[in-house]
Amino acid sequence: MSGGPRARVLGEVAAEVLSARREHPVRVALDGCSAAGKTTLANELAGVLRWHTAREVIRAELDYFKRAPELRTTYPIESSESYYYEVYDYDAIRERLLKPLGPGGDRRYVNGLRDTSARTQLAVPPRTAAPDAILIADGTFLQRPELNNYWDLRIYVHVTFETVLRRGAVRDAAWMDSREAAAHRYRTRYIPGERLYINQIHPADRAQLVLNNEDPATLTITRRPAPRR
């Protein structure tokens, strides 16, 4: 990765991660709205960490822990409520990934169960993490009560909802009928669901680090004194 503000900030984040020593693998959350740039940042951060340490770095995209569509029955499946409350399998994230890597865990984990559509189950064999491994996980809603206490470091990736709409419509037009169809999905499902999360959980206030990724070239960092429980 070339130099500049983004490289500098990622170096600072990597230093924070490496300083978060535990007697078990360190579990790092990159939380944020859709199209905030979480996966790209998580991949870049993992690369910086692998450059600076010999410790094992595990990547997990929590879009591979969605619940099968047929199990989402409490709300209309295209609603913002279904997206916020029903899309992710929080029990599986906790029991198959976070708890095994935490205090007293056996370190045997999986980093996914279904493809990103959640329609196809994946044959992912369990792996055993090194005692000093680092987990870099990205996804939305990572500080919900079902998961919050299982992270050792919380990083919130901030962008405005205007940016979520603009980036998301461009990105998702590739698999939807058009950019406008993608934009409609963001306006009616993703953004309202993510507003629910922000209004209920206040994730930027709970996170130890906040990354402003509104302009990826000039990524900035804010440190919080401690997460709220």
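Remember, it's a predicted structure, so these values are computed and weren't measured experimentally.
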Got a list of side-chain donor-acceptor pairs under 3.5 Å for residues 95-102, not counting sequence neighbours?
residue, atom, partner, partner atom, Å
E95, OE2, K99, NZ, 3.4

* Looking only at atom types and distance, does a side-chain atom of R50 sit under 3.5 Å from a main-chain N or O of V57, one as donor and one as acceptor? -> yes
* To do: Would you please test E44 and L219 for side chain to side chain contact (heavy atoms under 4.5 Å, CB included) and show each step?
  => CA-CA 13 Å; E44 291 176 350; L219 182 70; over 6 Å; no
* **Any side-chain heavy-atom pair of D215 and T220 under 4.5 Å** => no
* Give a yes or no on whether the backbone of L153 and the side-chain of Q208 come within a donor-acceptor separation of less than 3.5 Å. => no
* To do: Tell me, yes or no, whether the heavy-atom count around D177 atom CG, taken from other residues, nucleotides or ligands under 6.0 Å, exceeds 12.
  => no
* To do: Using atom types as modelled and distance alone, determine if a side-chain donor or acceptor of K38 lies under 3.5 Å from a backbone N or O of C33.
  => yes
* Any sub-3.5 Å donor-acceptor pair from R6's side-chain atoms to P216's backbone N or O? -> yes
* Asked: Under a 4.5 Å cut-off applied to non-hydrogen side-chain atoms, are N212 and T222 in contact?
  -> no
* Asked: Which pair of non-hydrogen atoms, one from W151 and one from A137, has the smallest distance, and what is that distance?
  -> CH2-CB, 3.8 Å
* Asked: So which pairs with a foot in residues 53-75 pass ring-ring contact (aromatic ring centres under 6.0 Å, His included), sequence neighbours left out?
  -> Y75-Y85
* **Spacing of I93 atom CD1 and N111 atom CG [to the nearest 0.5 Å]** => 12.0 Å
* Got a sec, which pairs hit ring-ring contact (aromatic ring centres under 6.0 Å, His included) with one end in residues 87-146, sequence neighbours left out? -> Y83-F141, Y84-F141, F141-Y197
* T140 side chain reached by E194 side chain, heavy atoms, under 4.5 Å -> yes
* Structure fact -> Rounded to the nearest 0.5 Å, the CG atom of N148 sits from the CZ atom of R94 at a distance of 12.5 Å
* Structure fact -> Sequence neighbours excluded, the answer for salt bridge (charged side-chain N to carboxylate O under 4.0 Å, His left out) partners of E146 is R144
* Structure fact -> On a heavy-atom basis, the closest approach of A42 and L30 is N-CD2, 3.6 Å
* Approximate separation, where rounding is to 0.5 Å, of I198 CD1 and D205 CG -> 10.5 Å
* Asked: How would you list, by chain and number, every residue that makes a side chain to side chain contact (heavy atoms under 4.5 Å, CB included) with T74, sequence neighbours excluded?
  -> E86
* **Contact summary for S79 and P76, nearest pair of heavy atoms** => OG-O, 2.7 Å
* Partner set under side-chain hydrogen bond (donor to acceptor under 3.5 Å, both in side chains) for T39, not counting sequence neighbours -> D138
* Asked: Any idea which heavy atoms bring G193 and S80 closest together, and the distance?
  -> N-CB, 3.5 Å
* To do: Might you confirm whether atom NE2 of H184 has over 12 heavy atoms from other residues, nucleotides or ligands at distances under 6.0 Å?
  => no
* Who are the salt bridge (charged side-chain N to carboxylate O under 4.0 Å, His left out) partners of E56, not counting sequence neighbours? -> none
* Please confirm whether the backbone N or O of G37 pairs with a side-chain atom of T40, one donor and one acceptor, at under 3.5 Å? => no
* Asked: Which pairs count as salt bridge (Lys or Arg N to Asp or Glu O under 4.0 Å) when at least one residue sits in residues 67-78, sequence neighbours excluded?
  -> E78-R185
* Exercise: identify the closest heavy-atom pair between P69 and R119 -> CG-CG, 4.1 Å
* **Side chain to side chain, N43 and R59, heavy atoms closer than 4.5 Å** => yes
* State whether the side chain of R206 and the backbone N or O of I201 hold a donor-acceptor pair below 3.5 Å, judged by distance alone. => yes
* **Listed partners of Y186 passing ring-ring contact (aromatic ring centres under 6.0 Å, His included), at least two apart** => Y190
* Residues, nucleotides or ligands: over 12 heavy atoms within 6.0 Å of R171 CZ -> yes
* Within a radius of less than 6.0 Å around CZ of R127, do more than 12 heavy atoms belonging to other residues, nucleotides or ligands occur? -> no
* **Gap between atom CD1 of I155 and atom CD of E16 - 0.5 Å precision** => 8.5 Å
* Is D172 reaching over with its side chain to a backbone N or O of A182, donor-acceptor style, under 3.5 angstrom? -> no
* Asked: Residues two or more places apart in sequence or in another chain: which of them pass salt bridge (charged side-chain N to carboxylate O under 4.0 Å, His left out) with R108?
  -> none
Distance-only check: which donor-acceptor pairs under 3.5 Å involve side-chain atoms of residues 163-170, not counting sequence neighbours?
residue, atom, partner, partner atom, Å
T163, OG1, T160, OG1, 3.1
T163, OG1, E214, OE1, 3.3
T163, OG1, E214, OE2, 2.3
R167, NH1, A35, O, 3.1
R167, NH1, A36, O, 3.3
R167, NH2, N213, O, 2.7
R167, NH2, E214, O, 3.1

* **Test item: R107 side-chain N/O and A129 main-chain N/O as donor-acceptor pair under 3.5 Å** => yes
* Structure fact -> Looking only at heavy atoms, the pair that brings D132 and R21 closest together is CB-NH1, 4.4 Å
* Would you mind reporting whether L113 and V124 have side-chain heavy atoms less than 4.5 Å apart? => no
* Asked: Same cluster or not: are I77 and I191 linked, directly or through other Ile, Leu, Val, Met, Phe, Trp or Tyr residues, by side-chain heavy atoms under 4.5 angstrom apart?
  -> no
* State, yes or no, whether a side-chain contact exists between V26 and R55 at a heavy-atom distance under 4.5 Å. => yes
* To do: Could you tell me whether the side chain of I134 reaches within less than 4.5 Å of the side chain of L18, counting heavy atoms only?
  => yes
* Structure fact -> CG (L147) and CG (L62) are apart, to the nearest 0.5 Å, by 7.5 Å
* Partners meeting salt bridge (charged side-chain N to carboxylate O under 4.0 Å, His left out) with D152 (sequence neighbours left out) -> R22, R27
